[in-house]
Amino acid sequence: MDSNFHSHCIFCDGRSYPEDFVKFAVARGFRAYGFSSHAPLPFETSWNMTKGDMPEYLAEIERLRKKYAGKIELYAGLEIDYLDETYHANIPFFQTLPLDYRIGSLHFLPWQKPLAEVNMVCIDGAYDEFRKNVDAHYGGDVRLLVKDFFETSARMVEIGGFDIIGHIDKIYMNGSRYPGFDMHARWYKTSFLMLLDLIAEKELIVEVNTKNVKRKGQTYPHRDTYKHLFERNIPVMVNSDCHFPDLVNDGRNEAVALLHDVGYRTVRELVKRKWKDVPIG
Ligand SMILES: [Zn+2]
Ligand SMILES: [Zn+2]
């Protein structure tokens, strides 16, 4: 049975109410569904929720959990940015919230202090902005950006405070359009595999993010890397990272089939609020 633990709704940049997503998930026969709004940052953006909205967010998920009990398991999570050693999933604010799980993700690489949106290189936005940022802040050397991205990811994993690492190599979405990028080159693979070794040591779950399967033919991590995850016994889960209710399981079947091809027979998911290995196909 299907599930999804990475999703957005109107509390951040998702395009509909939480209940609309639940209705689609129930209609598609989902076993479980988790909300993971973009967590508050120390500055406001157009896509993060605010600290002030947190009580209402948690209360609404609790209301839906009761209303849909017996039909679907619902979970409250957050997708939490690592910005630097002062702002990440392991700070008391996030650790004391009554959440079922936490996703640790990188969207921003700060290029100078203080922590403010103008001081961030966004790796997940439009390509034009990305290109200007690599030109301006990495001297046009995409290898330096890749190094910064995976080293920052490693610091996020070291500091911890989360269960699942989100879209672990999303750097290739925009990066692969920039001259000099090559995810099969030794310099790229070395950084990436060192991060995987650390993730295996910390026993984190890696999500296979299917948000761009239909639009760009991409999963994060890249399909060519699944064998490296399997070799390291890293547990995986398949998430749609949906922002629209009709996309709750977009790309899921494709990703499950690819994982099966490299040897995976289970995915790690919350079942009755405990992490379990659930059989696939
Ligand atoms: Zn994300
Ligand atoms: Zn997301």
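In each ligand, atom 1 is the first atom listed, and ligand 1 is the first ligand listed.
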*Who passes salt bridge (charged side-chain N to carboxylate O under 4.0 Å, His left out) against K147, sequence neighbours left out?*
E151

*Got more than 12 heavy atoms from elsewhere within 6.0 Å of CD, E203?*
no

*Would you please name every residue forming a side-chain contact (heavy atoms from CB on, under 4.5 Å) with S191, sequence neighbours left out?*
F150

*Does the separation of the ring centres of H107 and H167 fall below 6.0 angstrom?*
yes

*Output, by chain and residue number, all protein N/O/S atoms separated from the Zn ion (ligand 2) by less than 2.8 Å.*
H6 NE2, H8 NE2, E79 OE1, D241 OD1

_Strictly by salt bridge (Lys or Arg N to Asp or Glu O under 4.0 Å), give each pair with a member in residues 217-242 just once, sequence neighbours left out._
D197-R232

_Main-chain N/O of E73 paired with R65 side-chain donor or acceptor, under 3.5 Å_ = no

